[in-house]
Amino acid sequence: MDSTGYGDWIRDFETARRERAGQGDPDWRTGVPLHPAIRRSVQRFQVGEDGDGAELITKAEAAGDAEYASAVRMFVAEERNHARLLALLLASGDAPTIASHWSDRIFVTLRRALGLRLELLVLMIAEVVALRYYRALRDGGEDALTREVAGRVLADEERHVPFHCHRLRRALRPLPAPARVLVTSGWRAALAAACLVVAVDHGPALRRLGVGRGRFAMEVVRSSGPIAAAMR
């Protein structure tokens, strides 16, 4: 990717958008009722994907980089599409979405109270947790539609993490090296704490998906090392 601007990221988002348009939606008629534990878990993640992203877009625009703001709008559009796909997955199994969940309210409150750099650090906690969750749902889902939807969301999340790393690397660059290490170490500690909460909250679903709480938390924390290095 472009080491200075965001033109490559914009082209990457545009390519993904064209591919989605050409691929079309999954065949929702193949849906089956989700196991209750997985249904509750997907409902909670669907709420987390369903924000409008207005605050993030406003902060990106205020940063004064038109290309970055454009890329952020494309990122938000993909997150909204994730919420749509998960809602339709639930509907295909006659399950409703939920209006809110306490974990999402905490993340949203933290993100809105912070500037762009700190908001991205909080957002990256959710994104890194989501990487492992959607991989578990893709690999352990009990029906083809669930696995397909999870695979589509995962493919996007695998691009989102390096996109945010790119911005955070630029944002942290003016800091002295020890300060960058301190920030990313603090981020890893916050991620570990959040991951433990998710592992407990989604434990029944994780067991059903063949992962389990301990393995889920361990793999998320382990994955954070290279990501923190990329931020630095």
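Only heavy atoms go into these numbers, but all of them, side chains included; no hydrogens, no water, no symmetry mates.
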Can you list every side chain to side chain donor-acceptor pair (under 3.5 Å) pair that touches residues 222-232, not counting sequence neighbours?
Thr184-Arg232, Arg188-Ser224
Apply salt bridge (Lys or Arg N to Asp or Glu O under 4.0 Å) to Glu158 and list each qualifying residue two or more places apart in sequence or on a separate chain.
none
Taking the side chain as everything from C-beta on, heavy atoms only, tell me whether Leu86 gets closer than 4.5 Å to Thr97.
no
When rounded to the nearest 0.5 angstrom, what is the spacing between CG in Leu90 and CG in Leu34?
6.0 Å
So, does Arg213 use its side chain to make a donor-acceptor pair with the main chain of Ala199 at under 3.5 Å?
yes
Is there a donor-acceptor pair under 3.5 Å between the side chain of Arg39 and the backbone N or O of Pro33?
no
Assigning hydrophobic clusters by single linkage (Ile, Leu, Val, Met, Phe, Trp, Tyr; side-chain heavy-atom cutoff under 4.5 Å), is Val211 placed with Val221?
no
Connected via hydrophobic side-chain network under 4.5 Å: Ile57 and Tyr68:
yes
Quick one: does Ser41's side chain get under 4.5 Å of Arg44's, heavy atoms only?
no
Quick check: is Leu191 connected to Met218 through a chain of hydrophobic side chains (ILVMFWY, heavy atoms under 4.5 Å apart)?
no
I'd like to know if Met124 and Leu175 are part of one continuous hydrophobic network [Ile/Leu/Val/Met/Phe/Trp/Tyr, side-chain heavy atoms within less than 4.5 Å].
yes
Would you call Glu78 and Arg17 a salt bridge, taking side-chain N to carboxylate O under 4.0 Å as the test?
no
Cluster overlap Ile125 with Val181, hydrophobic side-chain contacts below 4.5 Å:
no
Applying salt bridge (Lys or Arg N to Asp or Glu O under 4.0 Å) to Arg208 and not counting sequence neighbours gives Glu142
Are Trp187 and Val183 side-chain neighbours, meaning at least one heavy-atom pair lies under 4.5 Å?
no
Evaluate Val220 against Tyr133 for side chain to side chain contact (heavy atoms under 4.5 Å, CB included), listing each step before the verdict.
CA-CA 9 Å; Val220 171; Tyr133 176 79; over 6 Å; no
Compute the ring centroids of His164 and Phe75, then answer whether they are less than 6.0 Å apart.
yes
Which pair of non-hydrogen atoms, one from Ala205 and one from Ala37, has the smallest distance, and what is that distance?
CB-O, 3.5 Å
Do Leu131 and Glu127 have side chains that get closer than 4.5 Å, going by heavy atoms?
no
Leu56 versus Leu120: any side-chain heavy-atom pair under 4.5 Å?
yes
Find out whether Val32 and Leu145 are in side-chain contact, i.e. whether some heavy atom of one side chain is under 4.5 Å from a heavy atom of the other.
no
Anything under 30° is parallel, anything over 60° is perpendicular, the rest tilted; go ahead and classify Tyr134 against Phe45.
perpendicular
Shortest non-hydrogen contact from Phe13 toward Ala71
CE1-O, 3.7 Å
In this structure, CG of Leu88 is separated from CG of Asp25 (nearest 0.5 Å) by 6.5 Å
Could you measure the distance from the CG atom of Leu85 to the CZ atom of Arg20? Nearest 0.5 Å is fine.
9.0 Å
Show your reasoning for whether side chain to side chain contact (heavy atoms under 4.5 Å, CB included) applies to Ile38 and Leu137.
CA-CA 9 Å; Ile38 296 176; Leu137 192 62; 4.0 Å; yes
Which heavy-atom pair separates Gln43 from Ile98 by the least distance, and what is that distance?
O-CG1, 3.8 Å
Of the non-hydrogen atoms in Arg180 and Leu172, which two are nearest, and what is the gap between them?
CD-O, 3.1 Å
Considering non-hydrogen atoms only, spot the tightest contact between Pro174 and Ala171 and give its length.
CD-O, 3.3 Å
Decide yes or no on side chain to side chain contact (heavy atoms under 4.5 Å, CB included) for Leu209 and Asp139, but give the supporting numbers first.
CA-CA 8 Å; Leu209 295 170; Asp139 296 345; over 6 Å; no
Quick check: do Leu121 and Met231 have side-chain heavy atoms less than 4.5 Å from each other?
yes
Apply the test side chain to side chain contact (heavy atoms under 4.5 Å, CB included) to residues Asp8 and Arg11: give CA-CA distance (whole Å), side-chain angles for both, the deciding distance (0.1 Å), then the verdict.
CA-CA 5 Å; Asp8 287 344; Arg11 286 186 285 275; 2.4 Å; yes
For the CD atom of Glu49 and the CG atom of Asp156, what is their distance to the nearest 0.5 Å?
9.5 Å
Supply the atom-to-atom distance Arg207 CZ to Phe216 CZ, rounded to the nearest 0.5 angstrom.
13.5 Å
Measure the spacing between NE2 of His160 and NE2 of His82 and express it to the nearest 0.5 Å.
5.0 Å
Is any side-chain heavy atom of Ser70 less than 4.5 Å from a side-chain heavy atom of Glu61?
no
For the residue pair Tyr6 and His166, does the interplanar ring angle fall in the parallel (under 30°), tilted (30 to 60°) or perpendicular (over 60°) class?
perpendicular
Minimal non-hydrogen separation, Arg167 against Asp65, with atom names
NH1-OD2, 4.4 Å
